[in-house]
Amino acid sequence: MKKASFLLVMGILSINTFGQKTIDQKVSELLSQMTLNEKVGQLVQYSGFEYATGPQNSNSVTVLEEIKQGRVGSMLNVAGGEETRNFQKLALQSRLKIPLLFGQDVIHGYRTTFPVNLGQAASWDLGLIEQSERIAATEASAYGIHWTFAPMVDIARDPRWGRVMEGAGEDTYLGTQIGLARIKGFQGKGLGNLDAIMACAKHFAAYGAAVGGRDYNSVDMSLRQLNETYLPPFKAASAAGVATFMNSFNDINGIPATANKYILRDLLKGSWDYQGFVVSDWGSIGEMIPHGYAKDMKEAAEKAILAGSDMDMESRAYMAELPKLVQEGKVDVRVIDDAVKRILVKKFEMGLFDDPYRYSNEKRQKEQTDNLENRKFGRMFGSKSIVLLKNQNNILPLSRSTKTVALIGPFGKEKIANHGFWSIAFKDDNQRIVSQFDGIKNQLDKSSVLLYAKGSNVDDQDTSMFAEAIETAKKADVVIMTLGEGHAMSGEAKSRSNLHFSGVQEDLLKEIAKTGKPIVLLINAGRPLMFDWAADYIPGIMYTWWLGTEAGNSIADVLFGIVNPGGKLPMTFPRTEGQIPIYYNHYNTGRPAKNNTDRNYVSAYIDLDNDPKFPFGYGLSYTQFKYADMNLSSTNLTGNQKLNININVSNIGNYDGEEVVQLYIRDLFGKVIRPIKELKGFQKVFIKKGETKEVNFILTPEDLKFYDDELNFDWESGEFDIMVGTNSKDVQTKRVNWVK
Ligand code: NOJ
């Protein structure tokens, strides 16, 4: 198109059909009235004073004053109708009356908390995940919140990293689908609707690959690996219109993500053409000084803004340094303008210029304070997130008329722990949480007895409660043990080197096992824990994560068979820490180990098996599913043909149930080596007992593409294994030849 006609078309597009100004025009007009300080003010974000989620530097009095002067664009951790209204009033005293954006970590629910995100991922249920974020957005927006710092779409293969609880696990495909579902849930029918909040794809990028699983640590990896494994969920989020991105704390190959031009300018704002804005992580601009990448705040601010980080969360670098940097000619004012525009666009889209108080609505807040429908959903979602790991001799489900049940373990009567890590806003409000004891009690027949003994604390050496627990177990027909890690033992800054049950919990379990009573073990955790002994000797094991407000009811629903569990692990569960990092889609190596016995000069440990305790995608049901042989539409394909894969799955057990049918491929040879398996599709199907369902997948050459060593993204002719199964280990395989 010629330049003149292009400008004409753009001109017409920027005035809508009613002759009103478009957002772009309004933003440009506003920008033209702004002083440099007011512009930089829009790039500044401070935390409220009640719920700091990081080390705080701000002095409350100066922050309030700065808001009035138009030197603050956003606040985080300010919530509630009244509080947001009060802050907004201050912003409206500023010269240009630009409203504030209120952000908060709405991570696994808000007023109603849902399973921690890794638990949600175990449901493999994109519809439920989206719905849970719809609810979270409805509740949060009713509390005046405009913006959540979620979803975290960091792929993580190391359970030592505490933040695995906040993501979707180890797999890029699953993580991408879940990230998209969450964004859809948060942003609903679009920004501007009262129940929609802005989402934030974080942490950009590769934060989950911190060396040694230690939070905030460095990341060193090939660009090929970065593009293939860690970036796809972000790229998809950008394409789906996620409102914002957040930097990560780590460096990538020596350059902190906050000032990483490659990921921010070349990819995100370059080839991905992202239109939203990027917020730093808490203090991450200033942290480039200890990183050794900036000698002072001034250099940190310069590097961050030039790389494309638009908003400064809590570093205080932008306000202090950017005006000077512009005046000195080190930062072009157009760079600032671009960042300001991106932020103002979002404020317009949220409708804040029409009514800055539209989300601060006490009536809506009250309606969402204890919404029974949301709790009902949370109960169901919790039960769908549980993974049944072992069910020897069908010890589960338990009968509701079991005469005497003993609940033993430090989590039995716990309330607050069920919230999981990110429930900051209501962390002290434990009245509404259903404990495991109460949930089980609710389900047991009135004539049954539920005994309880704590047995031990979560994390100390105190064995003084053992005797009482043993006596309690002896009186019971069945014992439910509830062990694991405390909810504040996984999450941000919660890396652990020892992932076995902490304190004396395993000793307690062994003592109770000696009574000979049948035991069902509930494992409460935000990450894969290691429990080799229990996995071998305890007949019933359910992984219950942290399930949120309705935790006790969700757990009881599965224990007593009201819900048939269908969750599958979104991360590989190692045998012991020595296997970490361990993930299903690894390479074959030149000397792959064939089995666990031949360890001589092959890629193996001399003292530990290679295979994990439980593979990625693993999870049992109270019923059994039988897979027939898969049918392929062809085993010789050319060019852009599609491969249809059909398989019949029958429910041959005694309960209706849900199965997650998983599709993997392996590209046998390539110009760069390919993983032994890659998830390419899954379907969660409900099958009534005695019935069969046909499950269909379609593969296209698009699914065969990969990054080569020069970062070309394409596929190659050759042989591919097509695998379908119930988890990443138990699959059936057929080979196809696919040529370009
Ligand atoms: C630091 C965390 O890394 C980030 O995920 C969170 O959103 C911010 N703090 C704000 O609380």
Side-chain angles (χ1 to χ4, degrees), residues 44-58 73-79 101-110 116-118 133 136 140 145-156 161-168 179 182-183 186 197-210 213-219 233-234 237 242-252 256-258 276-288 290-291 304 309-316 420-427 488 490-495 526:
V44 172
Q45 183 186 53
Y46 294 129
S47 177
F49 321 110
E50 210 175 332
Y51 316 112
T53 47
Q56 204 159 13
N57 302 318
S58 335
S74 170
M75 294 293 295
L76 75 148
N77 298 332
V78 168
L101 271 176
F102 298 113
Q104 188 146 34
D105 292 289
V106 179
I107 308 288
H108 43 88
Y110 188 62
V116 294
N117 305 88
L118 192 61
E133 302 305 20
I145 292 163
H146 307 138
W147 176 19
T148 175
F149 305 124
M152 182 185 103
V153 292
D154 296 313
I155 301 303
W161 190 52
R163 298 194 83 168
V164 297
M165 55 76 53
E166 205 179 327
R182 296 186 63 195
I183 292 164
F186 286 130
I197 57 178
M198 306 196 312
C200 179
K202 75 183 189 186
H203 305 83
F204 195 52
Y207 184 37
R214 213 180 66 216
D215 208 2
Y216 316 124
N217 206 3
S218 290
V219 170
F234 290 101
V242 68
T244 64
F245 264 62
M246 184 186 286
N247 299 133
S248 58
F249 287 119
N250 53 286
D251 67 271
I252 305 169
T258 301
F277 72 87
V278 179
V279 63
S280 79
D281 201 346
W282 184 298
S284 69
I285 297 176
E287 287 173 20
M288 291 198 289
H291 261 296
S309 294
D310 301 306
M311 186 180 273
D312 172 1
M313 180 194 287
E314 273 287 348
S315 275
R316 304 199 141 217
F421 184 78
W422 284 107
S423 51
I424 356 155
F426 304 104
K427 65 174 179 232
S490 61
E492 186 181 345
K494 301 294 180 287
S495 294

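Reckoned from all heavy atoms, side chains included, excluding hydrogens, waters and symmetry mates. Read the numbers this way: they start at 1 and go in the same order the structure lists the ligands and their atoms.
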Would you please say whether a donor-acceptor pair under 3.5 Å links the side chains of [X] and [Y]?
| X | Y | answer |
| --- | --- | --- |
| Asp251 | Ser218 | yes |
| Glu166 | Trp422 | yes |
| Ser309 | Asn247 | yes |
| Asn117 | His108 | no |

Does [X], backbone or side chain, put an N or O under 3.5 Å from an N or O of ligand 1?
| X | result |
| --- | --- |
| Glu166 | no |
| Trp422 | no |
| Asp105 | yes |
| Tyr207 | no |
| His203 | yes |

(message) For the aromatic rings, using the six-membered ring if either is Trp, is the centroid distance between Trp282 and Tyr216 under 6.0 Å?
(response)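 No, the ring centres sit 6.0 Å or more apart.
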(request) Test Ser74 against every option in Tyr46, Trp147, Phe102 by the side chain to side chain contact (heavy atoms under 4.5 Å, CB included) rule and name the one that passes. (result)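 Among the candidates, only Trp147 passes.
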(message) Heavy-atom pairs closer than 4.0 Å: do any link ligand 1 to the side chain of Gln45, the backbone, both, or neither?
(response)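 It is neither; nothing of Gln45 touches ligand 1.
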(message) I need the contact type for Met152 against ligand 1. Using non-hydrogen atoms and a strict under-4.0 Å cut-off, is it side chain, backbone, both or neither?
(response)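 Answer for Met152: neither.
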Which of the numbered atoms in ligand 1 are under 4.0 angstrom from any heavy atom belonging to [X]?
| X | result |
| --- | --- |
| Phe149 | 7 (O) |
| Lys202 | 4 (C), 5 (O), 6 (C), 7 (O) |
| Leu76 | 10 (C), 11 (O) |
| Asp281 | 1 (C), 2 (C), 3 (O), 4 (C), 6 (C), 8 (C), 9 (N) |

(message) Over 60° means perpendicular and under 30° means parallel, so tell me whether His203 and Phe249 are parallel, tilted or perpendicular.
(response)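 Taking Phe249 first and then His203, their aromatic rings lie parallel (interplane angle under 30°).
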(message) I'd like to know if the side chain of Lys494 reaches the main chain of Glu492, judged simply by a donor and an acceptor atom lying under 3.5 Å from each other, with no hydrogens or angles considered.
(response)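 Side chain of Lys494 to backbone of Glu492: a pair is present.
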